[in-house]
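Bear in mind that the values here come from a model prediction, so they are computed numbers and not experimental data.
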Amino acid sequence: MMKYICLFRLLRFIRLLAAQDSLLPPDFHTQAPRHIRFLRRLLTLGAPRFAAQTRGKALSAHLEALGTAYIKLGQSLATRPDIIGQVLADDLQHLQDRLPPFAMAHVDAILAAELDLPKEQVFAELSEPVAAASIAQVHQAQLADGTKLAVKLLRPGVEKELATALAGFFFAARMTERFMPMARRLKPVEIVQTLADSVVLEMDLRLEAAALSEMAENIRNDESIRVPAVIWQATGRRVLTLHWVDGVKLSDLEALKKDGHDLPALAVRLLQAFLTHALRDGFFHADMHQGNLLIEPDGTIVMIDLGIMGRLAPDTRRFFAEILHGFITRDYHKIADIHFEAGYVPAHKNRDDFAQALRSIGEPISGQDADNISMARLLAQLFEVTGQFDMETQPQLLLLQKTMVVVEGVARNLDPQLNIWQAAEPIVSHWLKAELGAEAILQQAVTGAQKAARSLSKLPETLALAERNQQALEHILTPDGLRLHPDMLKKNSKVSKYIWLALALAAAGLLGHFL
């Protein structure tokens, strides 16, 4: 029964968004297939359509009523004013950190359960909530020496609420795959599984503390970007304690201007920081909306709320970098080659046709400022191309793709004239030179030689092992075959098969020493 309730909530969410014309591609009413327009009209019969002046607040209220999972979807929409409009984006931003907080009685219960000491011995002071989002809320605290802290606490019951919502998403995904064959290439079940995996990590604040620690190590030599330090003694599964950050939220453009920050330069630094973390480290903040980014007086970007992190394998990083570089240099055949090499496009498709399709996407946006690019139209075209070439969803890329869309939206909000390709070029080119240039090839050759030397150093030991095995075999082998007792063969006629299997495995083991 519960899964049907969850499915009903999901349909309410889709119906609610579909009824708002501002969330549709600009040419939807003229260019969308007739059956899609009819389906949208049928789905939205009787659905509320909010006036432009009140739409954002009304939509936010509906998303709050639907629950945590839908609040997080609203947070992502808030980063894309170019798609949904600035007024609606501004109204949805309160979903990022201005939701109703839970009571202090719950705070005391969580701290008592999670900390080894009474809260009075850990914190000299603990304030009322200063921010509340979909998963957790934050309090300001102080140590006895006056050090200011931020104490993050999971909402009571949030694990159960998200598990219930995910059950509904899984049910909808399975039904979609079963009854809509055309949607199977999108792998809806794997998409929901990726979401579920990230939620599991987000529900244990000790893992977020570990992510903060790892990120701090990765960026320790980077300029003008950092993460707050963890207070491990005051951290548990449902509580995370950090050093307090005095900074302006990236959503408060007026305050940033008043403090004298260079917003276009800030947009470039933010985009380049994301690309650096993704390419250099293969480890990036995957929830970089405005509410999770603070700007200190000296311009340092402080990343908070690292509950959702993305990781990229070395091969994936290379594919990502070469695809970006291909768009920067307008080398569409190179981009096509990378897609085929990575397996993103089925091998039976024509590379030249795919390169032509990529050119139709890349040329209109090449060298353009952000405000001259219709992101809604671009996303619609990308979806069309993936369908034309039978491209399946790549689950390992979902967090990367989602974060790219969010970061690009946040940077665009800081500087509508941002040239994304110019901002990305130095990071991508530097990484490719470091990883694929002559120095990198030489280093790979040295590493290969070192591995070969280590293998050769084991050769005497391996030959000695082979000699001992040969001597052992000589004790049981005769010119006529194996020397086995007749009674043994009578007991089980399959014994000889097992012996030959053992000998085959031993030979494989010897071979493994040389590989």
Between M404 and I420, does a side chain to side chain contact (heavy atoms under 4.5 Å, CB included) hold up when you go through it step by step? CA-CA 11 Å; M404 284 181 65; I420 299 164; over 6 Å; no

**Request:** State plainly whether the residues R155 and E161 are in salt-bridge range, i.e. N to O under 4.0 Å.
**Result:** no

Check: S429 side chain, P426 main-chain N or O, donor-acceptor pair, under 3.5 Å: no

- Message: Check this for me: does any side-chain nitrogen of one of E254 and K258 sit under 4.0 Å from a carboxylate oxygen of the other?
- Response: no

Given the options Y70, F13, F50, H62 meets ring-ring contact (aromatic ring centres under 6.0 Å, His included) only with F50

NZ/NE/NH1/NH2 to OD/OE distance under 4.0 Å, E435 and R318: no

*Could you tell me whether a side-chain N or O of Q272 sits under 3.5 Å from a main-chain N or O of A423, the two making a donor and an acceptor?*
yes

Closest heavy-atom pair, I71 versus S134, reported as atoms and distance to 0.1 Å, is CG2-CB, 3.5 Å

Subject >> CG/D116: more than 12 non-hydrogen atoms of other groups inside 6.0 Å >> reply: no

| query | Is any side-chain N of the basic residue among R206 and E114 closer than 4.0 Å to the acidic one's carboxylate O? | reply | no

Next on the checklist: Using ring centroids (six-membered ring only for Trp), state whether Y344 and H339 fall under 6.0 Å.
Outcome noted: yes

Contacts of E214 meeting side chain to side chain donor-acceptor pair (under 3.5 Å) (sequence neighbours excluded), chain-then-number -> R311

Looking at L186, is its backbone amide N or carbonyl O close enough to the side chain of T393 to form a donor-acceptor pair, meaning the two atoms are under 3.5 Å apart? yes

Margin query: Take a 6.0 Å sphere around CE of M180 and say whether it holds more than 12 heavy atoms from other residues, nucleotides or ligands.
Written below: no

The complete set of salt bridge (Lys or Arg N to Asp or Glu O under 4.0 Å) pairs with one or both residues in residues 273-285, sequence neighbours excluded, reads D222-R280

